[in-house]
Structure formats: C-alpha cells, structure tokens
2 protein chains.
Amino acid sequence: MTTAGTARETTTRTGPGAARQHTLRERNLELVARAVYEVPEPLSRAGVAAATGLARATVSTLVDQLVAAGLVRELPAVTGGRAGRPAVPLVPAPRSVVGLGLEVNVDYLGARVLDLTGDVVVEQVVPGSFHDSDPTAVLGRLGALAREVSDGVAAEGMTVAGARLALPGLVDPRTGLLEVAPNLGWSSLEPVPLLGLGDLDVRVANEAKLAALAELAGGSDVAAPDSFIFVSGDVGIGAAIVVDRELFLGERGWNGEIGHVVVDPAGPRCSCGAFGCLEQYAGKEAIMRAAGLPADAPLDSLVAHLAEGAALPDAGRALGSALADFVNLLDVGTIVLGGAYTELLPWLRADVEAVLDDRVLAAPFVDLQVRAAQAGPQAALTGGAREVLQGVLADPSAWV
Amino acid sequence: MTTAGTARETTTRTGPGAARQHTLRERNLELVARAVYEVPEPLSRAGVAAATGLARATVSTLVDQLVAAGLVRELPAVTGGRAGRPAVPLVPAPRSVVGLGLEVNVDYLGARVLDLTGDVVVEQVVPGSFHDSDPTAVLGRLGALAREVSDGVAAEGMTVAGARLALPGLVDPRTGLLEVAPNLGWSSLEPVPLLGLGDLDVRVANEAKLAALAELAGGSDVAAPDSFIFVSGDVGIGAAIVVDRELFLGERGWNGEIGHVVVDPAGPRCSCGAFGCLEQYAGKEAIMRAAGLPADAPLDSLVAHLAEGAALPDAGRALGSALADFVNLLDVGTIVLGGAYTELLPWLRADVEAVLDDRVLAAPFVDLQVRAAQAGPQAALTGGAREVLQGVLADPSAWV
DNA sequence: GCGTAATAGTTCAGTCGTACAACTAATGCG
DNA sequence: CGCATTAGTTGTACGACTGAACTATTACGC
C-alpha cells in the first residue's frame with residue numbers, strides 16, 4: 001500500500017515560524033497550485049503568471065515542479081484561433097494523489113476515494129444498523145474496507161495522501177478522541193488505531209462538519225457560497241460553520257450543536273435533559289410523529305405524505321427560530337440545509353424564511369438565503385476526502 | 001497633526017499575494033516585533049534570535065530597523081550576574097507610535113490614546129446623554145475632542161497610527177457604514193467623515209467588539225484567555241467572539257446579538273418584535289424592574305439592594321440559557337462578562353453556571369469558565385486603541 | 001592583575017529564490 | 001514568406017537569510 005502518512009503536516013502559516021528562502025518557494029508553490037486548481041478554464045503558465053502576479057520565469061519553474069510531483073498535468077497544446085505560440089493548458093492531475101473519506105454512521109459505513117480533479121475514483125458503502133454497536137468490530141470492518149479500497153488505487157499507481165474518519169458525535173480532531181456518539185452508543189475511545197491502517201495519516205472529524213465541506217466541492221450548477229451555516233437534519237441535528245471556505249471549529253470542534261438550542265422551555269423533554277430543544281420539533285422522529293407516521297419510517301414515506309398536501313409548520317418554525325438565534329450570534333447569512341432537510345426543504349422553506357425575517361436583527365440589511373445542500377448522499381465521505389486533498393493543495397512542497 | 005493615515009493597509013497574509021523577497025522581510029519584521037512585544041521580560045537580540053529561530057545576524061538587522069522606526073527601544077545594557085558581554089534589553093517604545101480609541105455611547109463620549117507599551121497617554125471622557133441625539137453634532141463634537149487629544153500627543157512627537165470609532169449598533173467595519181444604533185437613535189449614516197479628522201485612518205466598529213479586545217490587553221493579574229465569548233450587559237446586551245486572540249466577525253461584523261436570543265417564546269414582547277428575548281430578562285431595565293427599582297436607576301443602587309440580600313434568579317437563568325445556546329453553537333468555553341454584568345457577577349454566577357452545566361452538551365468534557373471582565377471603564381476606548389496598535393505590530397514594515 | 005571562558009553583537013561570503021530582460025518557439029495573418 | 005503576437009526558457013542581477021568567523025564586554029579563577 002503506497003501511502004504517505006508521516007510526512008503530512010499542516011503548514012504553520014501565521015504561526016511562529018521564521019520565514020526563510022524556502023518559505024517563499026512553499027508559499028508560491030501553493031499559490032500556483034491553487035491557481036491551477038481553482039479556475040474553471042485551464043490556465044497556461046503565462047495565464048498563471050498573470051493570475052498570481054509572479055514572473056513568468058518563476059511560474060515556469062514552479063509549474064515544472066508540480067508536474068514532476070504529479071500534482072499537475074499538461075494537456076496537449078491547444079492551437080486556438082489566436083496568434084502566437086499555442087498555450088499548454090495545465091490541469092489538476094487525475095488519478096495521481098487521492099484522498100480517502102471514511103465514515104461510520106447509524107445506518108451505513110463507507111469509504112470513498114477522490115482524486116485531485118474531484119472525481120470519485122472508487123467507493124464502497126455498506127448499509128447496516130450500527131445503533132449501539134461495538135466500536136472495535138465496526139471500526140475493524142471499516143478498516144478492512146479502507147485497506148481494500150486503498151490497496152486497489154495504490155495498485156493503479158495512485159498515492160493515498162491521507163484519510164478522514166467521519167463520526168456522528170463529539171470528536172476532537174486535535175487529540176483524535178471520540179468523547180461520545182450517542183446514536184452509535186460509543187463513548188471515550190480512540191477510533192483511529194481500531195481501523196488498523198498502519199502509518200496512513202487518518203484524522204477524525206464530526207460527520208456534519210465534513211458534510212459541510214462537501215458543499216465546497218463545486219461542480220454543481222449553483223456556486224457554493226464562501227461562508228455558510230450547514231445544518232444536517234436527521235435523528236439528531238448537527239451543524240457546521242464555514243467561513244471563507246474554511247471550517248470554523250471553535251476550541252475543540254464541538255460546535256454547531258443546534259439540535260439542543262431551546263425553542264420553547266415549556267416544550268417536551270429532550271434526551272439531553274433539557275426541555276423544548278429544537279430536536280423535539282425538527283428532529284426526524286419528531287417530524288415523523290407530527291405527520292402521523294412511525295418514528296422510524298423511511299424519509300420517502302414522509303415525502304409522499306407531504307406531496308399529498310400535509311405540512312410541517314412546527315418543524316419549520318422551530319428550525320427558523322433556532323437558525324435565527326444562530327444567525328444573530330454568528331452573522332453568517334447563508335444557510336445550507338442537508339441530510340433529511342434537503343428533501344424536506346420545499347415544505348420547510350416558507351416557515352423558516354418567515355421566522356428568519358422576523359427574528360434576525362440584521363434581516364433588513366442582509367440578503368438571508370436558505371438553500372438545499374448540493375453534495376450527494378454520504379456527503380461526509382466526499383467532504384473528508386476533499387479535506388485531505390485540500391491539505392495537499394495547501395502544502396504542495398511536501399510532494400515535490 | 002502628525003498622522004499616518006493613508007499608508008495603513010492590512011497585510012494580506014494567506015491572501016492571493018505572490019511572495020517576493022521583501023515578503024520575507026515583512027514577515028520576519030513582524031515576527032521580531034511580536035517577540036519583543038509579547039514577552040514578559042525584555043529580550044536581547046540574541047534572545048529574540050533564540051525565540052524566533054532566526055539567525056542572530058538576521059535579528060540584528062531587523063531589530064536595528066525597528067529601533068530606527070521608533071517601534072522598539074534599547075534599554076541600557078544590563079550587566080547581570082552572568083559572564084559574557086552584557087545584553088541590550090529591547091522593549092516596546094513608549095510614547096512613539098500611538099493608537100486612538102474613540103467612542104460615542106448612550107451616556108458618554110470619549111477619546112483615549114494608548115502607546116505601544118499599553119499605557120494610557122491621555123484620555124478625555126465627557127459624560128452626557130446621547131439618547132436620540134443628532135449624529136452630526138455629536139460626532140462633530142467627538143471629532144473636535146479627538147483633534148485636541150491628537151494634536152496634543154503629536155506636539156510631543158508621537159505619531160498617531162490610526163483610530164477606531166466604537167458605536168453601539170450595527171456597523172460594518174468594511175464599508176464604514178452604520179446601519180442602525182437604536183439607543184442613539186441613529187441610522188443609515190457614514191460616521192467617519194462627520195468626525196472631520198482629515199486623512200487619519202479611522203475605522204468604525206461595534207462597541208462590544210472593541211471592549212472584548214480590551215480584555216486581551218494584559219496587565220491584569222489573571223491571564224486573559226485566548227478564546228472567549230465576551231458579553232456586555234447594559235440596556236442592550238451585546239457580545240463578541242474572540243478566537244485565538246482575534247475577533248471573529250462573521251460576514252459583516254453583525255454577530256453576537258445575544259440580547260435577542262429567545263429564552264421563552266411565551267415571555268414578554270421585546271422591542272425587536274419577538275417574544276421572550278434575553279434582553280427582556282437580563283437587560284438592565286428588566287433587571288431593575290425585577291428588583292423593584294426604576295428602570296433608569298443607577299447601577300450602584302441595584303448593587304446596594306443586592307448586597308442586602310436580594311437576588312437575580314430570572315436574569316441569571318435566562319442569561320445562562322442564552323449562553324448555553326451560544327456555547328453549544330460555537331464551542332468557546334470561556335465566557336467573560338462585561339458592562340453591568342461585571343459588577344453583578346456575584347449574584348449571577350451560580351444561576352448562570354448551573355444552567356450552563358445542565359444545557360451545554362460538552363459540559364462533562366470541558367472546563368466551562370465564567371469570569372468578570374478585567375478591562376476598566378470605557379473598555380471600548382482601550383480596545384479600539386489597542387486594535388490600532390495591533391495593526392502596527394502586524395505590519396511594522398510600513399513604519400520602517 | 002591577567003588570562004580564559006562565556007555571551008552578545010557584527011561582518012562577510014555563500015546560497016537560494018524571484019525579477020527583469022533578452023532570447024527561442026510556435027502560431028496566425030496579410 | 002515575413003511580420004506581429006503570444007508562450008515559454010535562459011541568464012544576470014538583486015535581495016534576504018544563514019553560518020562561521022570576528023569583535024566587544026563581562027565574570028571568574030588563579
């Protein structure tokens with residue numbers, strides 16, 4: 001298994017590092033790599049120079065390094081209708097360096113490999129029921145799946161840059177510890193070693209946080225906003241905060257617990273001990289019950305029910321109220337609804353937007369937007385793999 | 001008036017700037033300046049080299065530049081008990097480059113000048129009543145005060161690096177526009193030109209945000225935390241989010257509106273139109289009424305009343321509830337209470353902490369702290385001046 | 001009192017990375 | 001077929017950091 005684990009280190013950008021000559025090179029390598037990666041139409045070396053402000057000579061040497069490292073590929077020179085020597089288009093290298101997204105959730109586990117172009121190279125998703133499961137067994141199984149997938153892409157010459165393990169619970173990305181994952185019935189354990197993936201650089205993260213990152217992947221028709229609140233509605237309701245295309249994690253990454261914002265202290269008791277949490281109005285089970293369906297009914301049955309004219313006023317207003325608090329506290333005006341909410345949005349939107357307009361103080365001055373998540377199913381797998389690749393992009397010098 | 005206005009520009013650190021040779025110099029100048037500034041005991045050139053990892057030769061030239069620019073001063077060489085050539089201690093230069101903090105609030109306006117050592121060089125605070133006041137007149141008056149103060153320090157050879165104008169309302173630091181300041185009765189205006197301060201670099205900011213920055217000024221007995229939620233309780237309740245010693249502003253700086261987090265939708269109607277906002281329980285007027293005092297009674301009378309055995313259970317629990325939402329959404333575990341809350345903390349703490357422990361999901365795994373603000377009165381003046389000086393520190397090359 | 005060790009600070013050649021300008025390469029057009 | 005045009009490369013100059021050698025200044029022991 002060709003992996004590059006130990007060498008991966010996040011670059012200290014504003015940190016206490018002294019800047020030397022090679023710091024320039026690292027910084028400009030990143031700049032050039034981002035220019036190649038984050039542009040709709042492929043750029044030539046000259047185009048990159050214009051876009052970055054670097055001299056053409058400098059760009060040439062930098063691009064050559066990126067090509068040699070396998071991070072950038074040259075397309076055949078395109079002799080367009082314009083005069084002059086034809087430009088060599090530069091594009092992200094497909095199937096070279098890849099990121100691995102892993103996830104254990106209540107009803108499935110899976111692994112997904114993305115390459116630098118954003119393509120899914122391979123994926124394996126196994127449905128199951130992992131409510132109150134045994135972490136050692138489940139993570140061992142996911143580890144085996146990951147090895148299988150990883151060995152497969154390695155056999156085709158790709159390099160796995162690292163992996164992210166998404167879990168639905170309180171995890172600290174810094175220490176790698178899982179404090180508690182209520183819906184899995186897991187607590188106080190270190191998940192990464194249980195995967196048995198050797199020296200591959202695997203980091204844990206909260207599922208909703210990584211799902212939010214998947215929204216940035218682009219490729220969809222609607223451009224992803226740079227800053228948004230991502231809310232993932234399921235049995236529990238989790239959220240993530242993205243500002244300037246980066247996750248805002250607070251001190252330990254334990255933020256976005258919008259499911260337990262109080263909507264009405266006179267409301268029903270919540271599993272967390274408080275009364276009237278959002279989850280009691282807009283959690284999947286509450287929504288099902290309100291619609292007269294069994295708590296564990298599939299989402300499709302609810303959608304069918306709603307299509308016949310039913311409504312979700314309580315859930316919509318409660319969600320709007322909690323989101324209004326969120327926006328008032330954070331000033332992030334775009335809200336992306338994921339998980340079950342994506343499909344339910346048509347029946348939630350009016351109530352959510354009405355409450356937001358009423359309750360957000362800045363509403364008269366801001367264009368508040370509520371939109372559906374664009375990333376497909378198991379978004380955390382995509383987001384995790386994407387985060388790995390973002391790390392490559394942030395420090396290409398480690399690959400040169 | 002010796003000012004340096006137009007030249008001030010925030011350095012694009014991670015931004016799309018190409019890194020050149022002089023970028024290294026700028027970065028390392030900042031590094032050296034911070035090493036000199038953010039250390040309890042003065043460092044020598046050799047000490048700075050050890051602290052930063054730069055070569056002694058490099059540090060020498062950088063320090064020489066900072067000394068020439070008047071940002072750093074050399075103390076007489078101290079011939080301590082140690083062998084070897086005595087070290088020259090380097091300290092922030094007093095009374096050289098200074099920052100100007102300005103503020104209009106409901107009951108006062110003022111100007112305060114801080115130098116790089118954190119000392120207050122001069123200040124002028126004028127009590128008054130600016131409820132429903134005329135912005136042109138009031139800002140004109142503050143501008144005159146600012147010129148007076150500014151000319152005074154300039155006459156003593158100091159350079160005013162810039163100014164911050166703190167206002168109690170929705171302001172956008174980027175555009176310099178004030179949308180609305182309810183307690184002043186101001187709306188939709190551009191405050192800076194009304195000050196008439198010529199080409200001095202003046203930026204606006206929300207009062208609570210700048211007051212939060214004052215907490216970082218140090219000098220107090222208790223070390224300021226790097227990340228905290230600052231809540232300023234007065235007629236209105238505002239908050240600021242500080243993460244890693246920097247303000248988190250969201251998209252426009254309109255965050256921290258904790259006063260309008262819903263505590264109980266069955267509660268009293270709020271001026272914002274909603275029901276049961278925190279302000280209706282823990283705003284100054286609500287607290288006064290609950291204590292049986294007139295809504296505009298001075299804080300001292302309330303404290304006297306409480307000292308005789310009265311309590312603030314509603315306010316404490318409501319504040320705890322809103323803060324629990326805040327912490328659940330943000331994961332910032334230290335809460336600093338400012339404004340009127342600083343003095344009221346003894347009667348609020350038990351209720352606030354009890355509700356936080358109950359309602360914050362991560363409470364079992366985190367040491368939640370509630371503490372009183374350390375900065376003195378008119379903290380926004382100090383915070384504003386401090387932010388100006390932080391800007392100098394972040395880009396000393398502009399002064400070389 | 002003086003030599004030695006120790007520490008601070010400076011000087012200078014070496015190296016590295018970028019800029020600029022001149023050059024080569026490859027195309028379209030008249 | 002030559003010229004204008006654009007892409008990419010080569011070579012020199014310059015700026016900034018490093019490391020080692022050097023100077024400056026003290027403490028300490030004999």
Side-chain angles (χ1 to χ4, degrees), chain A residues 16-33 35-36 41-68 72-91 396-397 400, chain B residues 16-32 35-36 41-68 72 74-91 396-397 400:
Chain A
R20 297 127 206 275
Q21 300 291 103
H22 62 86
T23 312
L24 282 188
R25 181 47 57 108
E26 287 160 17
R27 175 98 169 67
N28 286 336
L29 264 179
E30 176 188 348
L31 198 67
V32 169
V36 170
E41 290 302 298
L43 289 173
S44 63
R45 286 168 169 80
V48 171
T52 58
L54 290 164
R56 285 213 312 274
T58 310
V59 169
S60 254
T61 63
L62 293 171
V63 166
D64 289 346
Q65 290 189 42
L66 291 174
V67 169
V72 166
R73 184 156 303 176
E74 296 179 307
L75 294 183
V78 56
T79 153
R82 213 177 48 235
R85 173 172 171 174
V88 178
L90 303 167
V91 292
S397 60
V400 172
Chain B
R20 295 119 205 275
Q21 300 290 103
H22 62 86
T23 311
L24 281 188
R25 177 55 49 114
E26 287 160 19
R27 174 102 170 69
N28 286 333
L29 264 179
E30 176 187 350
L31 197 67
V32 169
V36 170
E41 290 302 299
L43 289 173
S44 64
R45 286 169 169 78
V48 170
T52 57
L54 290 164
R56 285 212 313 273
T58 310
V59 169
S60 255
T61 62
L62 293 171
V63 166
D64 289 346
Q65 290 190 43
L66 291 175
V67 170
V72 166
E74 295 178 308
L75 294 183
V78 56
T79 152
R82 216 177 46 236
R85 174 172 171 174
V88 178
L90 303 168
V91 293
S397 60
V400 172

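Every chain is numbered from 1 and lettered A, B, ... according to where its sequence line falls, protein lines coming before strand lines.
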ask   = Can you give the first and last nucleotides of DNA chain C, 5' to 3', that have an atom under 4.0 Å from a heavy atom of chain B?
value = C:dA6 to C:dA19
request  = Begin from the C-alpha positions of A:Arg45 and A:Glu74 and carry the test salt bridge (Lys or Arg N to Asp or Glu O under 4.0 Å) through to its verdict.
outcome  = CA-CA 10 Å; A:Arg45 286 168 169 80; A:Glu74 296 179 307; 2.7 Å; yes
task = May I ask you to decide if B:Arg20's main-chain N or O and B:Thr23's side chain share a donor-acceptor pair within less than 3.5 Å?
result = yes
key: B/S/- contact track for nucleotides 5-18 of chain D, protein heavy atom under 4.0 Å   = BBBBBB----BBSB
message = Check this for me, if you would: do B:Glu30 and B:Arg25 make a salt bridge, where the nitrogen-to-carboxylate-oxygen distance has to be below 4.0 angstrom?
response = no
ask   = How far apart are the C-alpha atoms of B:Val59 and B:Thr52, what are their side-chain angles, what is the distance that settles it, and do they pass the side-chain contact (heavy atoms from CB on, under 4.5 Å) test?
value = CA-CA 9 Å; B:Val59 169; B:Thr52 57; 4.2 Å; yes
message = Keeping A:Thr61 on the side-chain end and A:Thr58 on the backbone end, is there a donor-acceptor pair under 3.5 Å?
response = yes
query = Would you say A:Arg27's side chain and B:Gly17's backbone share a donor-acceptor pair under 3.5 angstrom?
reply = yes
message = Is any side-chain heavy atom of B:Pro42 closer than 4.5 Å to one of B:Val91?
response = yes
